[in-house]
Amino acid sequence: QVQLVESGGGLVQAGGSLRLSCAASGSISSINAMGWYRQAPGKQRALVAGITRGSDTNYSDSVKGRFTISRDNAKNTVYLQMDSLKPEDTAVYYCYADSGFGPRYWGQGTQVTVSS
């Protein structure tokens with residue numbers, strides 16, 4: 001199995017920045033894609049960004065140009081650099097790791113709150 005531990009969430013003013021980290025441990029050789037979803041209260045969980053082992057990326061239209069996803073395969077860690085944050089970015093952010101065959105693994109979630 002794979003364990004994912006997130007860090008870096010917090011409270012920030014609009015226009016500010018945060019950097020989320022997600023470190024994977026366990027059966028890390030099975031991991032292919034990693035990335036981030038977010039869920040605001042009363043709303044559906046939505047993909048924010050994903051990245052493959054080869055560092056191909058995809059982003060939600062709502063965060064393109066503001067967020068950057070990256071990964072360090074040697075450290076088994078995925079990052080989400082969030083710049084120019086807006087109040088509508090407020091959500092719980094969940095890291096995922098996808099083996100492509102086995103189960104998808106999820107982090108515990110980290111709260112990001114952007115004030116006006």
Side-chain angles (χ1 to χ4, degrees):
Q1 68 177 17
V2 172
Q3 298 81 42
L4 302 174
V5 179
E6 302 180 20
S7 61
L11 175 64
V12 66
Q13 293 185 22
S17 297
L18 287 172
R19 182 176 174 87
L20 305 183
S21 299
C22 175
S25 62
S27 300
I28 55 177
S29 62
S30 67
I31 296 174
N32 186 0
M34 298 183 72
W36 299 87
Y37 280 72
R38 67 186 181 186
Q39 187 166 25
K43 295 185 178 180
Q44 183 174 268
R45 185 196 297 159
L47 178 69
V48 178
I51 186 167
T52 68
R53 185 181 295 273
S55 296
D56 289 334
T57 60
N58 65 285
Y59 296 91
S60 165
D61 287 341
S62 64
V63 306
K64 285 181 180 177
R66 299 189 298 118
F67 291 10
T68 304
I69 189 169
S70 61
R71 67 189 291 174
D72 185 335
N73 290 327
K75 295 183 177 180
N76 305 304
T77 300
V78 64
Y79 305 94
L80 187 67
Q81 177 67 43
M82 304 185 293
D83 298 320
S84 302
L85 282 161
K86 304 175 180 179
E88 52 262 45
D89 295 318
T90 295
V92 177
Y93 285 69
Y94 296 93
C95 176
Y96 74 87
D98 193 347
S99 70
F101 179 76
R104 171 170 283 185
Y105 300 96
W106 294 95
Q108 78 282 1
T110 185
Q111 177 71 46
V112 172
T113 302
V114 184
S115 65
S116 301

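Just so we're clear, the structure is a prediction, and the values are computed from it rather than from any experiment.
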Pairs where residues 47-91 contributes a residue and the test disulfide bond (SG atoms under 2.5 Å apart) is met, not counting sequence neighbours:
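Applying disulfide bond (SG atoms under 2.5 Å apart) to every pair that reaches into residues 47-91, excluding sequence neighbours, yields nothing.
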Please list, chain by chain and in numerical order, all residues satisfying side chain to side chain donor-acceptor pair (under 3.5 Å) with [X], sequence neighbours excluded.
X	result
S60	S62
D56	none
D72	none
K86	none

Rest of the hydrophobic cluster containing L11 (Ile/Leu/Val/Met/Phe/Trp/Tyr, side-chain heavy atoms under 4.5 Å)?
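Traced through the cluster, L11 reaches no other member.
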For the backbone of E6 and the side chain of Q108, can you confirm whether one donor and one acceptor N or O come within less than 3.5 Å of each other?
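Indeed, once roles are kept as given, a pair shorter than 3.5 Å links the two residues.
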Qualifying residues under salt bridge (charged side-chain N to carboxylate O under 4.0 Å, His left out), relative to R66, sequence neighbours excluded
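Counting only residues at least two positions away or on another chain, R66 forms a salt bridge (charged side-chain N to carboxylate O under 4.0 Å, His left out) with D89.
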Per-pair distances, 0.1 Å, donor-acceptor, side chain in residues 21-31, under 3.5 Å, sequence neighbours excluded:
from	atom 1	to	atom 2	distance (Å)
S25	OG	Q3	OE1	3.4
S27	OG	Q1	N	3.3
S30	OG	S27	O	2.8

Quick one: list whatever passes side chain to side chain contact (heavy atoms under 4.5 Å, CB included) with D83, sequence neighbours left out.
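Once residues adjacent in sequence are excluded, the partners of D83 under the side chain to side chain contact (heavy atoms under 4.5 Å, CB included) criterion are S17, Q81.
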As an exercise, state the distance from CE of M34 to OH of Y96, rounded to the nearest 0.5 Å.
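So the CE of M34 and the OH of Y96 are separated by 9.0 Å.
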What distance separates Y93 OH from L80 CG, expressed to the nearest 0.5 Å?
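Between Y93 OH and L80 CG, I get 7.5 Å after rounding to 0.5 Å.
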Let me check something: any side-chain donor-acceptor pairs from residues 109-116 under 3.5 Å, sequence neighbours excluded? List them with distances.
from	atom 1	to	atom 2	distance (Å)
T110	OG1	G9	N	3.3
Q111	NE2	A91	O	3.4
Q111	NE2	T113	OG1	3.3

Tell me the ring-ring contact (aromatic ring centres under 6.0 Å, His included) pairs involving residues 43-92, sequence neighbours left out?
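Not a single pair qualifies under ring-ring contact (aromatic ring centres under 6.0 Å, His included).
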Acceptor/donor pairs from residues 97-107 side chains to any protein atom, 3.5 angstrom cut, sequence neighbours excluded:
from	atom 1	to	atom 2	distance (Å)
D98	OD1	G100	N	2.8
D98	OD2	R104	NH2	3.0
S99	OG	F101	N	3.2
S99	OG	G102	N	2.6
S99	OG	G102	O	3.3
R104	NH1	Y37	OH	3.3

